[in-house]
Amino acid sequence: MNRYHFEDMYMGMTESFQVTITEDKMLKFCEISGDVNPLHRDPVFARERGFDGQVVYGMLSSAFYSTLVGVYLPGENALLQELRIRMIRPVYIGDVLTVTGVVKDIREATKRIKIGASVVSEIGGGGVNEADITVGFTEMI
Amino acid sequence: MSREALLKAVNEVFWDVFDDESLDIREETTAADVNGWDSLRHITLIENIEDRFDIRFTMLEVNGMKNVGEMLDIIAERARE
């Protein structure tokens with residue numbers, strides 16, 4: 001886990017990691033969220049609606065923004081304060097996702113940073129969702 | 001920008017941040033006068049003011065502001081720089 005402080009931040013600072021979407025992650029997300037919509041659980045239902053298979057929860061692929069902020073950028077000292085997500089295209093089970101965040105703005109007066117983030121799938125090579133994230137910093141009291 | 005126009009522009013930022021166009025922000029207004037003006041809303045307000053006027057406050061300035069009038073003083077000063 002990274003332990004960056006506000007003073008370590010610079011424009012363009014970038015962190016990235018990869019994650020694979022598995023059936024187990026889908027089942028756990030379903031259990032936690034209670035979202036039992038068949039689009040995410042029934043491949044026949046999903047195909048009938050024009051998808052290649054059961055669609056991964058958008059909020060599951062977006063959940064890795066929490067990891068991006070809390071583990072990588074800035075890591076341990078992070079306090080996630082705002083997240084605006086744009087869903088671009090569907091993700092399927094087995095997809096390998098690359099989650100990336102870039103520091104786009106640093107606000108000295110409020111000790112917050114703005115991160116431009118994206119989730120990109122190896123399959124198809126395109127972005128599946130993007131986010132603007134605002135992050136503050138915790139300090140030892 | 002005149003002081004009056006500045007206050008009007010600041011009012012518009014408040015309306016946006018607090019999602020309340022009935023707010024009548026005056027020079028003597030403080031956080032205690034506005035329902036929902038908590039610490040997180042204050043941070044959002046400061047950043048939106050920075051964006052609106054294309055300025056940057058220092059942390060000392062933010063911590064030292066006692067009312068909206070003092071915020072206007074700093075914005076006006078930045079505009080002259």
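Chain identifiers are assigned alphabetically (A, B, ...) following the order of the sequence lines, protein sequences preceding nucleic acid strands; residue numbering begins at 1 within each chain. Note that these values count all heavy atoms, side chains included, but never hydrogens, waters or copies made by symmetry.
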> Looking only at side-chain N and O atoms, does A:Asn129 offer a donor or acceptor that is under 3.5 Å from a partner on A:Ser61?
yes
> Quick one: salt bridge (Lys or Arg N to Asp or Glu O under 4.0 Å) pairs with a partner in residues 35-46 of chain A, sequence neighbours left out?
none
> For B:Ile43, is it the side chain, the backbone, both, or neither that has a heavy atom closer than 4.5 Å to a heavy atom of chain A?
both
> What residues of residues 101-119 of chain A sit under 4.5 Å from chain B when you count only heavy atoms?
A:Asp105, A:Arg107, A:Glu108, A:Ala109, A:Thr110, A:Lys111, A:Arg112, A:Lys114
> Is A:Glu82 in contact with chain B via its backbone, its side chain, both, or neither, using a 4.5 Å heavy-atom distance?
neither
> Which one wins on heavy-atom pair count under 4.5 Å against chain A: B:Asn63, B:Thr58, B:Leu60?
B:Thr58
> Mind running side-chain contact (heavy atoms from CB on, under 4.5 Å) on A:Thr98 and A:Thr100 for me, showing each step along the way?
CA-CA 6 Å; A:Thr98 301; A:Thr100 304; 3.8 Å; yes
> Are any of the side-chain nitrogens in B:Glu50 or B:Arg78 under 4.0 Å away from the carboxylate oxygens of its partner?
no
> Quick test of your reading: applying salt bridge (Lys or Arg N to Asp or Glu O under 4.0 Å), list the pairs with at least one residue in residues 1-20 of chain B, sequence neighbours left out, ordered by first then second residue.
B:Arg3-B:Glu27, B:Arg3-B:Asp73, B:Lys8-B:Glu12
> Sort and list the pairs that fulfil ring pair (Phe, Tyr, Trp, His ring centres under 6.0 Å) and have at least one residue in residues 64-95 of chain A, not counting sequence neighbours.
A:Phe17-A:Tyr72
> As a quick check of understanding, evaluate salt bridge (Lys or Arg N to Asp or Glu O under 4.0 Å) for B:Arg26 and B:Asp33, giving each step before the final call.
CA-CA 10 Å; B:Arg26 300 166 186 230; B:Asp33 301 320; over 6 Å; no
